[in-house]
Protein chains: 2
Amino acid sequence: MDDKRFQKVAKALADPRRFDIFQTIATDQAGGICSGSVCETVEVAQATVSHHLKELVEADLVTANCKGQFKYFTPNHATMNEYIAELQKRLQVKATV
Amino acid sequence: MDDKRFQKVAKALADPRRFDIFQTIATDQAGGICSGSVCETVEVAQATVSHHLKELVEADLVTANCKGQFKYFTPNHATMNEYIAELQKRLQVKATV
DNA sequence: AGAACATATAGACAAATGTCAATATATCTA
DNA sequence: TAGATATATTGACATTTGTCTATATGTTCT
């Protein structure tokens with residue numbers, strides 16, 4: 001994982017509200033959650049949610065899937081695993097399990 | 001790991017220069033690196049390094065050890081492991097190894 | 001005690017960032 | 001085609017944050 005993506009992910013995870021949104025998407029059991037549903041889980045304006053979702057997509061932490069007027073988001077676990085692996089590598093921390 | 005510490009760590013890792021400093025401390029083989037040595041590895045003013053070191057200490061990512069006029073820093077791998085474990089728990093990502 | 005060195009703090013500043021209201025764009029349905 | 005709904009974009013604003021210079025505090029050594 002190159003520096004640019006590494007930093008992008010770190011930044012994406014650093015804002016509490018954005019992390020909440022990410023967590024909502026990551027733990028969703030329905031195979032995709034749309035923007036509107038995300039909005040209902042957090043107390044910020046729709047424009048703000050849209051902005052955070054964009055950041056998460058750009059960090060490749062989530063994947064967007066358009067279906068008509070809706071946009072569904074699914075977690076990209078591979079990116080998280082890569083990020084964690086990169087942290088461990090750069091900091092010479094042993095894997096936790 | 002409670003919310004407050006979790007966010008503190010995430011923020012601490014999010015700035016590129018601060019991460020560089022953390023990485024320098026984490027990969028140090030000499031059992032402690034002092035502020036002055038950290039300053040030599042990065043291209044910012046001493047005051048800025050001092051500020052970043054403080055943030056790392058407050059996030060409990062590194063531990064400071066005063067010896068006379070010097071201050072030695074060592075990585076706190078436990079915190080990183082806790083942070084990674086917390087990420088995996090909150091995001092329901094399986095351990096990487 | 002006084003000079004030299006290591007680190008911390010204060011205060012100022014610019015850039016980045018999270019937020020919102022308003023509006024635009026796109027899609028669906030009656 | 002019109003109206004309703006879902007999401008994106010624009011532009012503005014306040015806050016946060018990384019950075020610096022200057023200075024303070026604390027330590028060592030002559």
Side-chain angles (χ1 to χ4, degrees), chain A residues 3-25 28 30-75, chain B residues 3-25 28 30-75:
Chain A
D3 261 45
K4 202 176 156 193
R5 280 198 50 209
F6 182 69
Q7 285 304 327
K8 192 87 182 161
V9 172
K11 287 255 183 208
L13 298 173
D15 181 69
R17 221 169 307 253
R18 187 161 49 229
F19 186 87
D20 280 350
I21 291 175
F22 180 35
Q23 185 170 351
T24 297
I25 295 170
D28 166 65
I33 182 170
C34 70
S35 304
S37 301
V38 173
C39 282
E40 290 168 13
T41 70
V42 75
E43 294 191 341
V44 286
Q46 177 262 327
T48 303
V49 171
S50 183
H51 166 250
H52 285 315
L53 287 171
K54 192 177 181 181
E55 297 263 316
L56 291 172
V57 168
E58 280 172 8
D60 205 28
L61 283 169
V62 305
T63 303
N65 216 307
C66 291
K67 274 216 178 97
Q69 66 199 131
F70 296 87
K71 202 164 182 178
Y72 290 90
F73 296 90
T74 48
Chain B
D3 261 46
K4 203 176 157 194
R5 281 198 50 210
F6 182 70
Q7 284 305 325
K8 192 87 182 161
V9 172
K11 286 254 183 210
L13 297 173
D15 180 70
R17 220 169 311 249
R18 187 161 51 230
F19 186 87
D20 280 349
I21 292 175
F22 181 34
Q23 185 169 353
T24 297
I25 295 170
D28 167 63
I33 182 170
C34 70
S35 304
S37 301
V38 173
C39 282
E40 290 169 13
T41 70
V42 75
E43 295 192 341
V44 285
Q46 177 263 325
T48 304
V49 171
S50 183
H51 167 248
H52 284 316
L53 287 171
K54 193 176 181 182
E55 297 263 317
L56 291 171
V57 169
E58 281 172 7
D60 204 28
L61 283 169
V62 304
T63 302
N65 217 305
C66 290
K67 274 213 178 101
Q69 67 199 130
F70 296 86
K71 202 164 184 179
Y72 291 89
F73 297 89
T74 48

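A note on names: the letters A, B, ... follow the listed sequences, proteins ahead of strands, and every chain is numbered from 1. Here the structure is a predicted model, which is why all the values come from computation and not from measurement.
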Taking only side-chain N and O atoms of [X], does any of them lie within less than 4.0 angstrom of OP1 or OP2 on [N]?
| X | N | result |
| --- | --- | --- |
| B/Ser35 | C/dT7 | yes |
| A/Lys54 | D/dT9 | yes |
| B/Arg18 | D/dG18 | yes |

Which part of the nucleic acid does [X] contact within heavy-atom distance under 4.0 Å: base, sugar-phosphate only, or nothing?
| X | result |
| --- | --- |
| B/Lys11 | sugar-phosphate |
| A/His52 | sugar-phosphate |
| B/Thr48 | base |
| A/Cys34 | sugar-phosphate |

Nucleotide nearest [X] (side chain, heavy atoms from C-beta), chosen from [options]:
| X | options | answer |
| --- | --- | --- |
| A/His51 | D/dC20, C/dG18, C/dA21 | C/dG18 |
| A/Ala47 | D/dT9, C/dA6, C/dC28 | D/dT9 |
| A/Ala45 | D/dA8, C/dT9, C/dA21 | C/dA21 |

Round to a whole Å and report the spacing from [atom1] of [X] to [atom2] of [N].
| X | N | atom1 | atom2 | value |
| --- | --- | --- | --- | --- |
| B/Glu58 | D/dG18 | CD | P | 12 Å |
| B/Asn65 | C/dA6 | CG | C1' | 16 Å |
| B/Gln7 | D/dT16 | CD | C1' | 15 Å |
| B/Ile21 | D/dG18 | CD1 | P | 11 Å |
| B/Leu56 | C/dA8 | CG | P | 12 Å |
| B/Glu40 | C/dA6 | CD | C1' | 12 Å |
| B/Lys67 | D/dT28 | NZ | P | 12 Å |
| B/Leu53 | D/dT19 | CG | P | 12 Å |

Any donor-acceptor pair under 3.5 Å between the side chain of B/Gln46 and the base of C/dA8?
-> yes
Within the modelled atom types, does a donor on one side and an acceptor on the other bring the side chain of B/Gln69 and the base of C/dC5 under 3.5 Å apart?
-> yes
Which heavy-atom pair separates B/Phe73 from B/Ala64 by the least distance, and what is that distance?
-> CE2-CB, 3.7 Å
Evaluate the side-chain proximity of A/Leu61 to A/Ile25: yes if any heavy-atom separation is below 4.5 Å, no if none is.
-> no
Are the side chains of A/Ile21 and A/Leu53 in touch, meaning some heavy atoms are under 4.5 Å apart?
-> yes
At what distance, to the nearest 0.5 angstrom, does CD of B/Glu58 lie from NZ of B/Lys11?
-> 14.0 Å
Sequence neighbours left out, what passes side chain to side chain contact (heavy atoms under 4.5 Å, CB included) with B/Gln46? Give chain and number order.
-> B/Cys39, B/Ser50
